[in-house]
Amino acid sequence: MKRLPFIIQNAWKYILYNKFSSIVLFIAITVGFVFPMMALNDVNDLLRDVSLSRYEDAAGITVLSYLMPYKDGEEMDAALKQVKETGAFETAGFLGVENQLVYAGEESYSGMVAGVSRDYLSLMSCELVEGSFFSEEDYEGKGERVCLLRYESGLVRDGVGVGDSIEILGNSYTVKGIVRSPRIYGGVLVPYGFSSEIFAGAGGFLHYQVITYSPTGKTVILSFPDQLTSSREKGVEQEKIYLASVRELNRYRLMRAWIIIVFTAVNMLLLFMGMMVRERYSMAVRMALGISRKALFLEILFRNLLLMLPALLAAVVCYPVLGYYIKSINRGLQAVTVLQAGLGGVVIISFITVFILWFSFRKRGVAALLKK
């Protein structure tokens, strides 16, 4: 252990002396990190959605679906209050959703815009990624027009963020926050107090969801005079269907991630092997001069790890830039993905170092290598 600082110093000097080889390895390791991180982050995003989509008390949750003309906030609140007084539920929230054209700068997006009540977001376990949630003033439809963007939406993927403005039906809305909400319809969420200017003039039927919570698990269907269809689904039923579909999707994503990781690891192995086999003679010379195999192994390992750490940092920096051009990946790189990639890189590089040294000296003594 006393020689460890000296070994690390030698590893660093080797990197500086062999600049060209070091740059090639640095670029290769950086690329080797980026694509597996894309696959890992994709899987971690889905796992985070699964965690967020589990209700705290699924047996007490009921989701009611309606198709009916626009109802203002007072109508919806009155209907919920009337049924709540019967003891059918303790808490309820509602959402109305319709397809709209949304503008952000010179880009246009066709997608679902949802008007949400305060309790709807809390019962749906909406997680704040950036910015802030709506205030009481926002829910009442007072003050500045504001909205939330879903973390998974095309707007966020294209770089629209907190503080930016979007336009819906000629009205400008300031993005107040970005949220992760896998179960909620719509890429843009507005407080229901602002929904009349979006939905009231539509003339058609809106999709409504009412989510309720009752400790007893019993909920009656709300009655509206002009509703066309209605359905009721318990939280446990929703979770069963949702989690089954997620498992299928995640199985595909895991398979894709493993293919990318294995392909990258094999390519790294061949690259390192080619460069280190070329150095067998110089390694043999150093061993003939007295350096032990253990010290040589540690020096080569630290040399590779010293290249790996800045390469990992470069990959993290490059990731959102690549995400801007590769629309299919999520630019929100999770901390757990970076940790997984870093630990995986250490394991792979350690294995490669051990394998190559074993391959180089397994049947050859130092004299034989020097003679060759």
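Cluster membership for L169 and Y173, using ILVMFWY side-chain heavy atoms within less than 4.5 angstrom, is shared. In terms of hydrophobic clustering, with Ile, Leu, Val, Met, Phe, Trp and Tyr side chains grouped at heavy-atom distances under 4.5 Å, F33 and L309 are assigned to a common cluster. L148 is not connected to L52 by any chain of hydrophobic side-chain contacts under 4.5 Å among Ile, Leu, Val, Met, Phe, Trp and Tyr, and they are in different clusters.
A side-chain N or O of T212 and one of T219 form a donor-acceptor pair less than 3.5 Å apart. With hydrogens and angles left out, the side-chain atoms of S181 and Y151 include no donor and acceptor closer than 3.5 Å. Neither side chain, S196 nor D72, offers a donor N or O lying under 3.5 Å from an acceptor on the other.
When ring centroids are compared, F134 and Y139 come within the 6.0 Å threshold. Two rings, from Y213 and F89, have their centers 6.0 Å or more apart.
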key: salt bridge (Lys or Arg N to Asp or Glu O under 4.0 Å) between D226 and K71, worked out   = CA-CA 10 Å; D226 47 6; K71 307 288 183 183; 2.6 Å; yes
message = Please evaluate residues E144 and T174 with respect to the criterion side chain to side chain contact (heavy atoms under 4.5 Å, CB included), reporting the C-alpha separation (whole Å), side-chain torsions for both, the decisive distance (0.1 Å), and the verdict.
response = CA-CA 8 Å; E144 182 187 15; T174 301; 2.6 Å; yes
task = Apply side chain to side chain contact (heavy atoms under 4.5 Å, CB included) to L305 and V346, showing your working.
result = CA-CA 7 Å; L305 292 178; V346 170; 4.2 Å; yes
request  = Could you walk me through whether N41 and Y319 pass side chain to side chain contact (heavy atoms under 4.5 Å, CB included), step by step?
outcome  = CA-CA 11 Å; N41 203 58; Y319 188 93; 3.5 Å; yes
task = Kindly indicate, with the supporting measurements, whether the criterion side chain to side chain contact (heavy atoms under 4.5 Å, CB included) is fulfilled by V179 and F133.
result = CA-CA 8 Å; V179 295; F133 282 119; 3.6 Å; yes
task = Starting from the C-alpha separation in whole Å, work towards a yes-or-no answer on salt bridge (Lys or Arg N to Asp or Glu O under 4.0 Å) for D45 and R180.
result = CA-CA 10 Å; D45 262 343; R180 182 189 287 271; 3.1 Å; yes
request  = Quick one: do E197 and R145 satisfy salt bridge (Lys or Arg N to Asp or Glu O under 4.0 Å)? Show the steps, please.
outcome  = CA-CA 11 Å; E197 60 188 22; R145 294 184 185 89; 2.7 Å; yes
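For the residue pair G342 and M308, the shortest heavy atom distance occurs at O-CE, 4.0 Å. Smallest separation of non-hydrogen atoms from A114 and L95: CB-CD1, 3.7 Å. The heavy-atom pair separating S65 from H207 by the smallest distance is OG-NE2, 4.2 Å. Here the closest heavy-atom approach between residue V160 and residue V175 is recorded as CG1-CG2, 4.2 Å. Residues Y208 and P69 share a closest heavy-atom pair of CE1-O, 3.8 Å. The shortest heavy-atom contact between G161 and D164 is N-OD2, 2.8 Å.
With values rounded to the nearest 0.5 angstrom, L333 atom CG is found 10.0 Å from M38 atom CE. Note: Q334 CD to M37 CE = 12.5 Å, rounded to the nearest 0.5 Å. Atom CD in E167 sits 12.0 Å away from atom CD in Q100 (nearest 0.5 Å). Atom CZ in R232 sits 9.5 Å away from atom OG in S230 (nearest 0.5 Å). Taking CZ of R183 as the start and CD1 of I211 as the end, the distance is 8.5 Å to the nearest 0.5 Å. In this structure, Y120 OH and L189 CG are separated by 9.0 Å, a value rounded to the nearest 0.5 Å.
In this structure, E239 contributes its side chain and Y55 its backbone to a donor-acceptor pair below 3.5 Å. Looking only at distances, a side-chain donor or acceptor of N44 sits under 3.5 Å from a matching main-chain atom of L40. Looking at K84, its side chain never comes within 3.5 Å of a backbone N or O of A92 through a donor-acceptor pair. Side-chain atoms of S153 never come within 3.5 Å of backbone atoms of L149 as a donor-acceptor pair (strictly under, hydrogens ignored). When atom types are taken as modelled, the side chain of D138 and the backbone of S135 share a donor-acceptor pair closer than 3.5 angstrom. Counting only distance, with no hydrogens or angles, the side chain of T30 and the backbone of F26 share a donor-acceptor pair below 3.5 Å.
At most 12 non-hydrogen atoms from other residues, nucleotides or ligands lie less than 6.0 angstrom from CD of Q82.
In this structure, F224 and Y66 have perpendicular ring planes: the angle between them is above 60°, well past the 30° mark.
Just one of V116, V63, I184 meets the side chain to side chain contact (heavy atoms under 4.5 Å, CB included) condition when paired with Q209; it is V63.
In this structure the side chain of V210 reaches within 4.5 angstrom of the side chain of L80, judged on heavy atoms. Side-chain contact between I166 and S172 is absent, with no heavy atoms from C-beta onward closer than 4.5 Å. For the pair V102 and L155, the minimum side-chain heavy-atom distance is below 4.5 Å. Side-chain atoms of D119 and F94, non-hydrogen and from C-beta on, never get closer than 4.5 Å to each other. Side-chain contact check for D77 versus K81: every heavy-atom pair is 4.5 Å or farther apart. Within the 4.5 Å cutoff, no side-chain heavy atoms of R118 are placed close to those of Y192. A heavy-atom distance below 4.5 Å is not found between the side chains of I61 and D57.
Connectivity analysis of hydrophobic side chains (ILVMFWY, heavy atoms under 4.5 Å, direct or indirect) links Y103 to L101.
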Distance-only donor-acceptor pairs under 3.5 Å for side chains of residues 125-132, two or more places apart:
| residue | atom | partner | partner atom | Å |
| --- | --- | --- | --- | --- |
| E127 | OE2 | R48 | NE | 3.4 |
| E127 | OE2 | R48 | NH2 | 2.2 |

